[in-house]
Protein chains: 2
Amino acid sequence: MDDIKQENQPKGGRRRGEVLEQAILQAAWEELGEAGYARLTMEGIAVRAQTNKTALYRRWPNKAKIVAAAIKKHMPKTALAAPDSGDLRTDMLQLFESFARPLQGIGAETIHGLLVEYHGDNLIALLPKILPPKSGGKLNAIMRTILENAEKRGEVRLDRIPDRVIMLPADLFRYELLTTHEPVSDETITGIIDDIFLPLVRIR
Amino acid sequence: MDDIKQENQPKGGRRRGEVLEQAILQAAWEELGEAGYARLTMEGIAVRAQTNKTALYRRWPNKAKIVAAAIKKHMPKTALAAPDSGDLRTDMLQLFESFARPLQGIGAETIHGLLVEYHGDNLIALLPKILPPKSGGKLNAIMRTILENAEKRGEVRLDRIPDRVIMLPADLFRYELLTTHEPVSDETITGIIDDIFLPLVRIR
DNA sequence: CACATAAGGTACGCAACGTACCGTACCTTA
DNA sequence: TAAGGTACGGTACGTTGCGTACCTTATGTG
C-alpha cells in the first residue's frame, strides 16, 4: 500500500514498449501540471514514472518533444467538426466549446516554454491547434463551412469577408491564451463573438 | 590595436557606475540581437562588456531583468501621443508607426523567453508596451482620444464601441508579434485597420 | 535454452547560473 | 595628501539540469 511499483510482483514486472511509454507521458503530463514547464525536469518525469532518464531519451531527444507528446496524448482524439445548429452564433459558441476548451488545460507558460526551445522550428507541425499555419489549417476549413451554412440562411455574404476575419476568433482566443494566466473566461469568448466577429460578418 | 580595453590607459581606466552600467546594457542588447534570448548567457554579456559576471549581478538579480533593462534602454524615450490628422484611418496608421515599429526589434523569441522566466510576475510593469494591463494602460487612453476626435467629425459613435474593440488593433498586432518570426508586415497592419478595426467602429 | 533486445541504474561530462572571496583602482573627505 | 570606504576586476567554486556512456538485469522469441 505504500509503493505502487510493487503491487504486482515484489520483483520484476518490468514495463516495456507501449506500457512504459504511456507511463512516461502520463508522468510528464502530471509534472507539467504541478511544476509548470520551467520547473519541469527530465529527472522529475523519470522518477514519477518510476523509471530513469535513459528510458526517456531512448524515445524523445529532448524535453520539448516529450512535453509536446504528452500534450498531444491528452488532447481529445476526435477530429474537429463544423457544428450546424441553424444559427451562426450558436455554431460559433459550439465550435469554441470543442476547440478552445481542451487548450485551456495547457497554460501560457508551457506554450512559451515550448516556443523558446523550438525558437522557430516547426512547433507548428507539433501543436497545430495552438500555432496553426498561416492559412489556418483545418480550422479555417471548418470556419468556411460554418459561414457557408450561414450564407445559405442569408446571415452573411461570404465573398465580402476577408480571410483575416475568418481566423479572427481563433486568433483572439490564442492571444488570450498566450497573455493571461487564468483560463479564458466565458465572458471573453462571448465578447469575441458578439462584439467583434458577428458585427464584422453579419449583413447589415 | 589588438585590445580595445587598453586604448586609453595601458593600466587603469576602470569604469564605474553609470558608465559601466550602460556598457553592460549595450552588450546585453547586442548579444540579444546576435544570439537571441535562448543562447544569451551572463558570461557572454560580461565578456562583451569587457567586465565580469560579478558586475552584472551587483545590478540585476537575473538574466530576465538584465534583458528587460536592455530593452527598455533601447525603446524610444518619447511618450506616445495621439495623432490628430483629421482622419481616423490616418491617425491609426500614424499611431501604429510610432507604437509598433519600435517593438519590431525585439522579436518573438525574446518575449517568450522573458515570459517563461517571469511566468506570471509582473513583466507587465517591466514591459507595459508588450503586455499591457487588462485596462490597456496608456495606449487605451490614446485610443480613446483618437476616437473622440473621430466622433467630433462624425466618423464614429464612441458609446457604441465596446472596450474590447478599442484595444483590438494593439492586441492583434501583439498577437502577430508573438506568433511570427518575421517582422510584422505593413500589409498586416493595414489589414488589421481596414478589414477589422474601421468596419467595426465606423458609423454605417 | 541461447541470445537479441530493451529496461534499470549509476556515473559522468558539460554548460550556465549565481555566489564567494580577494586584491586593486578610484573617489571622497578630512 | 593621506586614509579609508566603495565598487570593479578576476577567479574559483557549489549547484542544477541536460544529455550520454556503460554496465547489469529482465523478458520474450526462435
Side-chain angles (χ1 to χ4, degrees), chain A residues 3-6 8-28 31-32 34-70 113-114 116-119, chain B residues 3-28 31-32 34-69 113-114 116-119:
Chain A
D3 195 340
I4 298 169
K5 181 187 192 177
Q6 303 179 358
N8 279 330
Q9 290 88 11
K11 203 174 187 177
R14 186 179 277 186
R15 295 161 301 174
R16 296 187 159 241
E18 193 61 22
V19 181
L20 182 56
E21 181 156 331
Q22 292 305 311
I24 293 171
L25 290 181
Q26 180 62 30
E31 288 278 307
L32 193 59
E34 289 179 20
Y37 189 87
R39 275 187 282 270
L40 186 73
T41 72
M42 298 299 261
E43 188 81 32
I45 296 173
V47 168
R48 183 185 283 262
Q50 316 227 40
T51 178
N52 48 2
K53 282 193 295 175
T54 316
L56 275 62
Y57 281 106
R58 283 199 190 101
R59 293 173 167 77
W60 301 276
N62 53 53
K63 189 164 124 176
K65 285 263 170 82
I66 283 200
V67 170
L114 285 173
V116 168
E117 285 204 34
Y118 265 70
H119 114 279
Chain B
D3 195 339
I4 297 168
K5 181 186 192 176
Q6 303 180 357
E7 70 182 7
N8 278 331
Q9 289 87 13
K11 204 173 189 178
R14 185 180 279 186
R15 296 162 300 174
R16 293 186 162 243
E18 194 61 20
V19 181
L20 182 56
E21 181 156 332
Q22 293 305 312
I24 293 170
L25 290 181
Q26 180 63 30
E31 289 278 306
L32 192 61
E34 289 178 21
Y37 190 86
R39 275 188 282 271
L40 186 73
T41 73
M42 298 297 263
E43 187 81 34
I45 296 173
V47 168
R48 184 185 284 261
Q50 316 228 40
T51 177
N52 50 311
K53 282 193 295 175
T54 316
L56 275 61
Y57 282 107
R58 283 199 189 101
R59 293 174 167 75
W60 302 276
N62 53 51
K63 191 164 123 176
K65 286 264 171 79
I66 283 200
V67 170
L114 286 173
V116 168
E117 285 203 33
Y118 265 71
H119 116 279

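Each chain gets a letter, A, B and so on, in the order its sequence line appears, and its residues count up from 1.
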Pairwise distance CG(A/Leu20) to CG(A/Leu25) - rounded to 0.5 angstrom: 9.5 Å
Separation of D/dG10 atom C1' from B/Asn52 atom CG, nearest Å, is 6 Å
Nearest whole angstrom, please: distance from the P of D/dT25 to the CG of A/Leu20. 20 Å
Which comes earlier along DNA chain D counting from the 5' end, the contact point of A/Thr54 or that of B/Arg58, where each point is its nearest nucleotide? B/Arg58
Can you measure from OG1 (B/Thr41) to CD (B/Glu31) and round to the nearest 0.5 angstrom? 6.5 Å
List, with names and distances, any nitrogen or oxygen atoms from the protein found under 3.5 Å away from nitrogen or oxygen atoms belonging to nucleotides 14-17 of chain C.
unit_1: C/dC17; atom_1: OP1; unit_2: B/Met42; atom_2: N; d: 3.4
unit_1: C/dC17; atom_1: OP2; unit_2: B/Met42; atom_2: N; d: 3.0

For side chain to side chain contact (heavy atoms under 4.5 Å, CB included), just list the numbers for B/Thr51 and B/Leu56, CA-CA rounded to whole Å, side-chain angles, deciding distance to a tenth of an Å, and then say yes or no. CA-CA 9 Å; B/Thr51 177; B/Leu56 275 61; 4.2 Å; yes
Is any side-chain heavy atom of A/Ile66 closer than 4.5 Å to one of A/Met42? yes
Approximate separation, where rounding is to 0.5 Å, of A/Gln50 CD and A/Ile24 CD1: 12.0 Å
Go through it in stages, so that I can follow the logic: the residues are B/Gln22 and B/Gln26, the test is side-chain hydrogen bond (donor to acceptor under 3.5 Å, both in side chains), and I'd like the CA-CA distance, side-chain angles, deciding distance and then a yes or no. CA-CA 6 Å; B/Gln22 293 305 312; B/Gln26 180 63 30; over 6 Å; no
Paired with C/dA30: which nucleotide, if any, by Watson-Crick or G-U wobble criteria at under 3.5 Å for both distances? D/dT1
N/O (side chain, B/Arg15) to phosphate O (OP1/OP2, C/dC27) under 4.0 Å: no
Whole-Å gap separating C1' (C/dA7) and CD (A/Glu18): 15 Å
Rounded to the nearest Å, what distance is computed from the CD1 atom of residue B/Ile45 to the P atom of nucleotide C/dG18? 11 Å
For C/dA11, what is the paired nucleotide under Watson-Crick or G-U wobble rules, both distances under 3.5 Å? D/dT20
